[in-house]
Amino acid sequence: RGRGLGTFLGVYTPTVLTILGVILYLRFGWVVGTVGIGRTLGIVLLANSITLVTALSLSAVATNSRVGVGGAYYMVSRSLGLEIGAAIGLPLFLSQALSVTLYAFGLAESLRFAWPEVPVPTVAVAIILAVGLLAMRGADVALKAQLPVMALIALSLLALGWGALANASAQRLAASQPTGPGFWTVFAVFFPAVTGIMAGVGLSGDLREPNHSIPRGTIAAQLTGLGVYLLVPVLLALAADGDALREDPLVWTRIAPFGAWVVLPGLWGAIFSSAVGSMLGAPRTLQALALDGVVPRFLAGTFGRRAEPATGLLVSLV
């Protein structure tokens with residue numbers, strides 16, 4: 001605890017980069033083309049209302065009690081007891097660790113857009129090792145490395161807005177009608193996009209003032225994501241017809257000026273940053289479980305001046 005990370009770098013950055021991820025780039029056009037602009041905005045508002053309630057709940061816990069290493073596990077175990085905390089903490093650690101593999105394969109697969117014959121398993125292993133090595137440098141170094149990713153995502157959003165407004169058609173927007181799968185099926189596809197609000201909470205032990213940073217950073221990132229997810233479907237519906245939105249996962253590259261040159265780096269950066277966030281969170285959850293005696297205490301081993309969770313990081317990497 002108290003290792004110097006502030007609200008922006010320690011909570012807002014990992015949270016907003018996890019929220020603005022692969023679904024925004026590769027699936028959001030399909031959402032708009034399938035259920036229409038009106039229902040898409042309804043899905044965005046409903047999904048964000050659920051995560052906003054969650055963000056407010058964890059903010060209430062964070063501001064009314066001491067927050068230590070372990071993020072969500074620590075807060076649950078201190079509020080509801082060690083038994084319930086452990087029942088949530090163990091699957092939470094596994095989900096965070098295995099998410100790194102998911103993101104690594106997703107990033108390797110997405111490289112096929114530019115490199116059709118990419119050896120996916122080999123590249124996925126290389127990505128996992130790169131994420132692990134970056135995490136070993138410390139949370140502050142890993143998070144600072146994600147700031148250029150935030151700039152790439154912002155650039156791709158600006159390019160989408162520029163291209164959409166330059167080719168806007170009110171007729172396309174008015175013609176956006178539901179077709180294919182129903183509201184709840186599409187909601188289920190979209191909802192994981194907004195569940196990244198826990199990314200910053202996982203670094204609670206590295207925050208200078210977790211009681212202040214967790215509420216401010218989490219809610220700010222959640223509202224940023226809400227704004228983006230309300231704006232992007234309108235831009236997509238203005239610039240592309242329903243068939244293009246449904247059938248072309250890279251429809252962004254057809255709308256934005258400079259196409260793939262500005263969109264794909266944002267996509268790849270978003271996936272990589274999600275992997276980094278999971279690799280930072282998993283060892284800290286395991287460390288907190290070990291400090292509480294839920295798992296063997298040697299798993300709480302640390303190294304370096306900033307006491308990074310070395311053993312947990314190696315277990316997560318393996």
Step by step, work out the ring-ring contact (aromatic ring centres under 6.0 Å, His included) result for Phe93 and Tyr73. CA-CA 9 Å; Phe93 161 71; Tyr73 160 73; over 10 Å; no
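- Put simply, the side chain of Phe190 does not reach to within 4.5 Å of the side chain of Leu46, judged on heavy atoms.
- Here the side chains of Leu314 and Met136 are in contact, with some heavy-atom distance below 4.5 Å.
- When the options Leu17, Leu107, Val149 are evaluated for a side-chain contact (heavy atoms from CB on, under 4.5 Å) with Phe272, the one that passes is Leu107.
- Residue-environment remark: CZ (Arg254) exceeds the threshold of 12 foreign heavy atoms within 6.0 Å.
- Contact annotation: the side chain of Met198 never approaches that of Leu92 to less than 4.5 Å [non-hydrogen atoms, C-beta and beyond].
- Between the CG atom of Asp140 and the NZ atom of Lys144 there is a distance of 5.5 Å, given to the nearest 0.5 Å.
- Taking the side chain as every heavy atom from C-beta outward, Leu230 and Leu45 approach each other to under 4.5 Å.
- At least one donor-acceptor pair closer than 3.5 Å links the side chain of Thr63 to the backbone N or O of Ala60.
- Side chain of Asp248 to main chain of Ala244: no donor-acceptor pair is present (N/O by atom type, distance under 3.5 Å, no hydrogens or angles).
- Taking the ring pair (Phe, Tyr, Trp, His ring centres under 6.0 Å) definition, one finds that Phe8 meets it with Tyr12, sequence neighbours left out.
- Side-chain atoms of Leu203 and Leu143, non-hydrogen and from C-beta on, do get closer than 4.5 Å to each other.
- Side-chain polar atoms of Ser156 and Tyr25 form a donor-acceptor pair below 3.5 angstrom.
- Side-chain contact between Arg39 and Phe187: absent, with no pair of heavy atoms (C-beta onward) separated by less than 4.5 Å.
- Checking side-chain atoms of Thr15 against main-chain N and O of Gly200 turns up a donor-acceptor pair under 3.5 Å.
- In this structure, the side chain of Thr253 does not engage the main chain of Gly259 through any donor-acceptor pair within 3.5 Å.
- Looking at Ile271 and Ser110, their side chains come closer than 4.5 Å, going by heavy atoms from C-beta outward.
- Heavy-atom contacts from other residues, nucleotides or ligands closer than 6.0 Å to CZ of Arg27 number 12 or fewer.
- Looking at heavy atoms from C-beta onward, Leu291 lies out of side-chain contact with Tyr74 at the 4.5 angstrom threshold.
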